[in-house]
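In what follows, a structure is listed as structure tokens, so that the remarks can point back to it.
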Amino acid sequence: MVTMLTMRMKILIIEDDHDLRDSLIQTLEDESFVVDSAIDGELGLYRAQEWNYDVIILDVMLPKLDGWAVLQQLRSSKNATPVLMLTAQNAVDDRVTGLNLGADDYLAKPFHEKELVARLHALARRSSGVAENRIILGDFAIDTAAQQVFKNGEPIKLSVAQFRLIAHLATRRGQIVSRMELAEAITNEEDTAPSNVIDVQVHHIRRRLGKDLVQSRRGVGYYIPLEEAKA
């Protein structure tokens, strides 16, 4: 198992094959991704338009709406979420069609889970504008590959949810991020987290990293300032 987590990785899988979908969900959840899924193109399009995802894994052959229709409607509505298409082994025409419609990458079946995870990391980094696996914030370094935060080179233990939250804020440094967006980044649709989950997680982060790294704007959300963070 590859123990990696790239920043705010929330994935939508649109795949009608039950066994493949369950396998993908298990693989990505084992890697600490937040995963939602849809069994047909119509439901997948709805979820892709209603919630924020870092990458969409989209099969070509789907009931109700095929992958091409889903991709075309997403791009027509100005939804720029990176899309990784799943295609048949030698379906060159499928890959060309997908890229022309706005797909960001493709993966031919069957594929190895390590390659899938690596491609998801690359797409998320490209989309967020973060080319490297390490984000420097003053005395702090966020290593998105190791899922670890360091202060002056020393590792600081955070829960998976706390790491997702701080990494999400780091990729939007200087921007105020709403509690709703942060909650979406660290949970999936089946989670029944309490309404104050973000405030609780920020409280724990401040206890471990210091009170100045994560700032709040009352009634709006949280942010990491553009200037260097101080402990």
R21 and D59 ion-paired at < 4.0 Å: no
Separation between NE2 of H18 and OG of S23, rounded to the nearest 0.5 Å: 11.0 Å
L84 CG to L123 CG distance, which is reported to the nearest 0.5 Å: 6.0 Å
Distance in Å, I14 CD1 paired with L24 CG, rounded so as to fall on 0.5 Å steps: 12.5 Å
Within 6.0 angstrom of R206 CZ, more than 12 heavy atoms from elsewhere: yes
L213 to P225 - nearest heavy-atom pair and separation: O-CD, 3.4 Å
Non-hydrogen atoms of L74 and A48 that approach each other most closely: CD2-CB, 3.7 Å
side-chain contact (heavy atoms from CB on, under 4.5 Å) between Q148 and F163, intermediate numbers included: CA-CA 7 Å; Q148 181 68 65; F163 180 83; 5.5 Å; no
Closest non-hydrogen atom pair between Q49 and S77, with its separation: NE2-OG, 3.9 Å
V214 versus V202, closest heavy-atom pair with distance: CG1-CG1, 4.1 Å
Members sharing Y223's hydrophobic cluster (side chains within less than 4.5 Å): I176, V220
L169 versus Y222, closest heavy-atom pair with distance: CD2-O, 3.6 Å
Partners meeting side-chain contact (heavy atoms from CB on, under 4.5 Å) with A69 (sequence neighbours left out): L65, D66
From T27 atom OG1 to H112 atom NE2, the distance as rounded to the nearest 0.5 Å: 9.5 Å
From T81 atom OG1 to W51 atom CH2, the distance as rounded to the nearest 0.5 Å: 13.5 Å
Residues in side-chain contact (heavy atoms from CB on, under 4.5 Å) contact with I156, at least two apart in sequence or another chain: F140, K151, R208, L209
CA sep, side-chain torsions, deciding dist, call: I224, Q215, side-chain contact (heavy atoms from CB on, under 4.5 Å): CA-CA 6 Å; I224 292 177; Q215 301 290 316; over 6 Å; no
Short side-chain donor-acceptor distance under 3.5 Å, D199 and H203: no
With A103 via side-chain contact (heavy atoms from CB on, under 4.5 Å) - residues at least two apart: L71, M85
Verdict with reasoning, K10 to D36, per side-chain contact (heavy atoms from CB on, under 4.5 Å): CA-CA 8 Å; K10 185 168 184 176; D36 289 342; 3.8 Å; yes
Validation row: S37, I25 side chains within 4.5 angstrom (heavy atoms): yes
4.5 Å side-chain heavy-atom contact, L86 and V60: no
Within-4.5 Å side-chain heavy-atom neighbours: R172 and E181: yes
In one Ile/Leu/Val/Met/Phe/Trp/Tyr side-chain cluster, 4.5 Å: L101, L58: yes
Same apolar cluster: L107 and L20, side chain cutoff 4.5 Å: yes
Summary of salt bridge (charged side-chain N to carboxylate O under 4.0 Å, His left out) pairs that have at least one residue in residues 68-85, sequence neighbours excluded: R75-D104
I39, CD1: over 12 other non-hydrogen atoms inside 6.0 angstrom: no
Pair E15 + K109: basic N to acidic O under 4.0 Å: yes
side-chain contact (heavy atoms from CB on, under 4.5 Å) against L28, all qualifying residues, sequence neighbours excluded: I11, I13, F33, V35, I57, L116, V117, L120
Same cluster (ILVMFWY, side-chain, under 4.5 Å), V55 and F111: yes
Flag side-chain contact, heavy atom, 4.5 Å: L137 against I142: yes
Side-chain donor-acceptor contact under 3.5 Å, Q26 with D22: no
Donor-acceptor under 3.5 Å (R179 side chain, I198 main chain): no
Distance in Å, E42 CD paired with Q73 CD, rounded so as to fall on 0.5 Å steps: 9.5 Å
Flag side-chain contact, heavy atom, 4.5 Å: Q201 against S159: yes
Minimal non-hydrogen separation, L12 against A38, with atom names: CD1-N, 4.5 Å
